[in-house]
Colleague: 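I am attaching a structure below and will ask some questions about it afterwards.
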2 protein chains.
Amino acid sequence: MIAEAQTEVVIKEKAKILFFQKGVLNATTQEIADEAGVNRALIHYYFRSREHLMDLLLEEIVTAKKNRKRAILLAEVPFRQKIANYIEDALEQGLQYPYLENFIITETARNPEKVNLFCFKDKLRSSELIKDQLEAEIRKGALPPISAEHFMVNLVSMCNYPLLAKNVIRNVHGMSDSTYHQFLLERKEVILKTLFTNPH
Amino acid sequence: MIAEAQTEVVIKEKAKILFFQKGVLNATTQEIADEAGVNRALIHYYFRSREHLMDLLLEEIVTAKKNRKRAILLAEVPFRQKIANYIEDALEQGLQYPYLENFIITETARNPEKVNLFCFKDKLRSSELIKDQLEAEIRKGALPPISAEHFMVNLVSMCNYPLLAKNVIRNVHGMSDSTYHQFLLERKEVILKTLFTNPH
DNA sequence: TTTCTGTTTAACAAAATTGTTAAACCGTAA
DNA sequence: TTACGGTTTAACAATTTTGTTAAACAGAAA
């Protein structure tokens with residue numbers, strides 16, 4: 001075996017850029033090959049079919065994300081800090097792969113049965129992981145009453161949506177690329193404050 | 001002219017269902033024709049090309065949405081009520097066309113220059129429309145300090161994302177179809193509370 | 001009835017996309 | 001050097017998808 005530049009890995013990495021960074025959710029095999037700078041046939045040589053490559057990419061990236069989120073939510077730190085960590089990770093991951101969420105959404109819209117396959121076999125159930133701590137905060141009066149599900153959905157929504165809707169937001173609010181980036185960094189604090197503003 | 005069943009309108013309506021309700025963002029002309037129950041050639045007869053139909057659909061639905069949002073934000077009502085109206089409209093519109101946002105996001109990801117074309121020629125700039133009222137609320141102490149941009153992005157994120165991510169959320173939190181629907185209705189109040197919890 | 005016009009259809013053509021294959025390539029080791 | 005292995009390429013085949021067209025159809029009006 002030669003594999004000097006690890007073509008297989010290059011293809012996967014470049015494909016992730018195309019799908020999850022650039023948001024070309026229906027990229028053709030030719031586009032993937034161009035992005036990776038290789039002959040199109042190599043995609044079939046290494047990955048059999050386009051579909052097979054897609055499944056592989058998705059599984060890799062979702063697994064990585066899942067593990068990170070799990071570690072963050074299981075860590076023994078104060079609740080507010082835990083959520084701050086979650087936001088930090090979501091935005092960092094999101095800056096790297098803004099369209100991952102979009103990809104999952106689109107794929108699960110077309111074939112809802114695939115959700116189980118590539119997503120959540122082991123039932124992370126993030127709301128379960130924060131439930132006790134959240135309820136304790138509410139009892140302390142540090143948070144207004146809210147269910148764990150709604151809290152998590154609020155959190156994930158405010159983290160992911162602005163990344164997804166980059167071009168829309170930039171246009172609506174007339175932001176340059178750097179202004180938008182600055183805006184995203186500000187959001188780390190904004191989201192935390194929005195979730196944690198103390199009840200009166 | 002005959003046009004008994006208004007084939008042209010039927011095609012557009014059914015295509016909207018396919019794209020914006022069912023989320024089949026890369027539906028083929030055959031799929032559109034099937035959904036509308038007509039011969040595929042009729043799509044070209046009435047709309048010249050697939051692309052032309054797409055642009056038309058998008059413009060129609062975005063214009064409608066824009067007008068509704070504009071009316072809501074320009075209405076002379078107390079701020080909190082105005083935002084409640086916005087949420088109500090976003091969720092109702094979202095329940096009808098959950099994948100409209102996804103469509104816009106995906107299209108603008110692939111060709112960012114198209115944003116201007118189908119989206120915001122007249123610069124709605126929703127954050128401008130609420131800026132004065134929002135700042136007045138903050139001065140009154142009814143709201144914690146936040147910029148109009150972040151406030152709007154928080155609002156839109158919490159409204160749109162859960163609609164987009166229906167299948168993901170249902171899976172992660174193990175919700176039945178009716179449970180999810182109930183969850184969405186609850187969110188009207190939840191989003192409002194999350195945005196408006198008084199600062200201490 | 002016949003003609004006319006707009007609508008619909010089936011069949012065809014063209015383009016794009018995926019998947020296959022045989023040959024070329026290129027290090028390495030005999 | 002030669003032979004061998006995995007790798008890469010160009011060319012081809014099959015399929016899918018878009019777009020075109022000529023003919024069929026159906027109601028209205030002469």
Side-chain angles (χ1 to χ4, degrees), chain A residues 1-20 22-60 99 102-103 106-107 109-111 114 117-118, chain B residues 1-20 22-60 99 102-103 106-107 109-111 114 117-118:
Chain A
M1 61 191 81
I2 299 170
E4 184 206 341
Q6 283 297 64
T7 309
E8 182 174 348
V9 175
V10 170
I11 292 174
K12 280 201 290 192
E13 290 310 309
K14 296 294 187 179
K16 283 179 188 172
I17 290 175
L18 199 53
F19 285 113
F20 306 134
K22 300 191 177 176
V24 188
L25 301 190
N26 42 6
T28 65
T29 55
Q30 187 61 60
E31 286 177 299
I32 299 169
D34 289 349
E35 185 81 23
V38 302
N39 187 287
R40 193 174 60 82
L42 283 186
I43 287 163
H44 294 98
Y45 176 74
Y46 283 111
F47 304 102
R48 185 174 201 85
S49 74
R50 179 183 181 281
E51 197 61 17
H52 189 254
L53 169 59
M54 302 270 283
D55 289 353
L56 207 67
L57 293 176
L58 194 62
E59 215 237 301
E60 273 188 24
Y99 294 98
N102 201 2
F103 187 87
T106 305
E107 289 296 304
R110 211 167 209 285
N111 22 15
K114 264 200 175 179
L117 189 147
F118 53 55
Chain B
M1 61 190 81
I2 299 169
E4 184 206 342
Q6 283 299 65
T7 308
E8 183 175 347
V9 175
V10 170
I11 292 174
K12 280 201 289 191
E13 289 309 309
K14 296 296 187 179
K16 284 179 188 172
I17 290 177
L18 200 52
F19 285 114
F20 305 136
K22 299 190 178 177
V24 187
L25 301 190
N26 43 6
T28 65
T29 54
Q30 187 61 61
E31 286 178 299
I32 298 169
D34 290 348
E35 186 80 22
V38 302
N39 187 287
R40 192 175 59 84
L42 283 187
I43 287 164
H44 295 97
Y45 176 74
Y46 283 111
F47 305 102
R48 184 172 203 85
S49 73
R50 179 183 181 281
E51 197 62 18
H52 189 254
L53 169 59
M54 302 272 282
D55 289 354
L56 208 66
L57 293 176
L58 194 61
E59 214 238 302
E60 274 189 24
Y99 293 98
N102 201 2
F103 187 87
T106 305
E107 289 296 303
R110 211 168 211 285
N111 22 16
K114 263 199 174 181
L117 189 148
F118 53 56

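Computed from a predicted structure; not experimentally measured.
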Colleague: Hey, does B:Leu53 have a side-chain heavy atom less than 4.5 Å from the side chain of B:Lys12?
Modeller: yes
Colleague: For the side chain of A:Leu42, counting heavy atoms from C-beta on, which of D:dG19, D:dT9, C:dG19 is nearest?
Modeller: D:dT9
Colleague: Would you mind reading off the distance between B:Tyr46 atom OH and C:dG6 atom C1', rounded to a whole angstrom?
Modeller: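 Whole-Å distance recorded here is 8 Å.
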Colleague: Rounding to an integer number of Å, can you tell me how far A:Phe47 CZ sits from C:dG19 P?
Modeller: 14 Å
Colleague: What's the closest nucleotide to the side chain of A:Ala41 if the choices are C:dT20, C:dG19, C:dT9?
Modeller: C:dT20
Colleague: What's the CG-P distance between B:Asp34 and D:dT17, to the nearest Å?
Modeller: 11 Å
Colleague: Picking from B:Leu42, B:Leu18, B:Val24, B:Ile17, what satisfies side-chain contact (heavy atoms from CB on, under 4.5 Å) with B:Ile32?
Modeller: B:Leu18
Colleague: Could you work out which one of C:dT20, D:dG19, C:dT8 sits closest to the side chain of B:Thr7?
Modeller: C:dT8
Colleague: How close or far is atom C1' of D:dT16 from atom CD1 of B:Ile32, stated in whole angstroms?
Modeller: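 Distance, rounded to whole Å: 15 Å.
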Colleague: With a 3.5 Å distance limit and no angle check, can you tell me whether B:Glu31 reaches the backbone of B:Thr28 through a side-chain donor-acceptor pair?
Modeller: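 Side chain of B:Glu31 to backbone of B:Thr28, a donor-acceptor pair under 3.5 Å: yes, one is there.
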Colleague: Name the closest nucleotide to the B:His44 side chain, picking from D:dT18, C:dT18, C:dA10.
Modeller: D:dT18
Colleague: When you check the phosphate oxygens OP1 and OP2 of C:dT8, does a side-chain N or O of B:Tyr45 lie under 4.0 Å from one of them?
Modeller: no
Colleague: Quick check: closest heavy atoms across B:Gly23 and A:Ala109, and the distance to 0.1 Å?
Modeller: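 Here B:Gly23 and A:Ala109 meet closest at O-CB, 4.0 Å.
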Colleague: Is B:Arg50 reaching over with its side chain to a backbone N or O of B:Ala27, donor-acceptor style, under 3.5 angstrom?
Modeller: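 A pair under 3.5 Å: yes.
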Colleague: Could you tell me the separation between the CG atom of B:Asn39 and the P atom of C:dT7, rounded to a whole number of Å?
Modeller: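 Whole-Å distance recorded here is 15 Å.
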Colleague: Separation of A:Ile43 atom CD1 from D:dT8 atom C1', in whole Å?
Modeller: 13 Å
Colleague: Distance check needed: C:dA16 P versus B:Arg50 CZ, whole Å only.
Modeller: 15 Å
Colleague: Kindly state which residues belonging to residues 22-31 of chain A come within less than 4.0 angstrom of DNA chain D, counting heavy atoms of the residue only, listed by number.
Modeller: none
Colleague: Report the distance from atom CZ of B:Arg40 to atom C1' of C:dA13, rounded to the nearest whole Å.
Modeller: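 After rounding, the gap between these two atoms is 12 Å.
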Colleague: Are the side chains of A:Val9 and A:Tyr46 in contact, using a 4.5 Å heavy-atom criterion?
Modeller: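 The answer is no, as the side chains (C-beta and beyond) never meet within the 4.5 Å cut-off.
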Colleague: Taking C-beta and beyond as the side chain, do B:Phe47 and B:Asp55 meet within less than 4.5 Å on heavy atoms?
Modeller: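 No - every pair of side-chain heavy atoms lies 4.5 Å or more apart.
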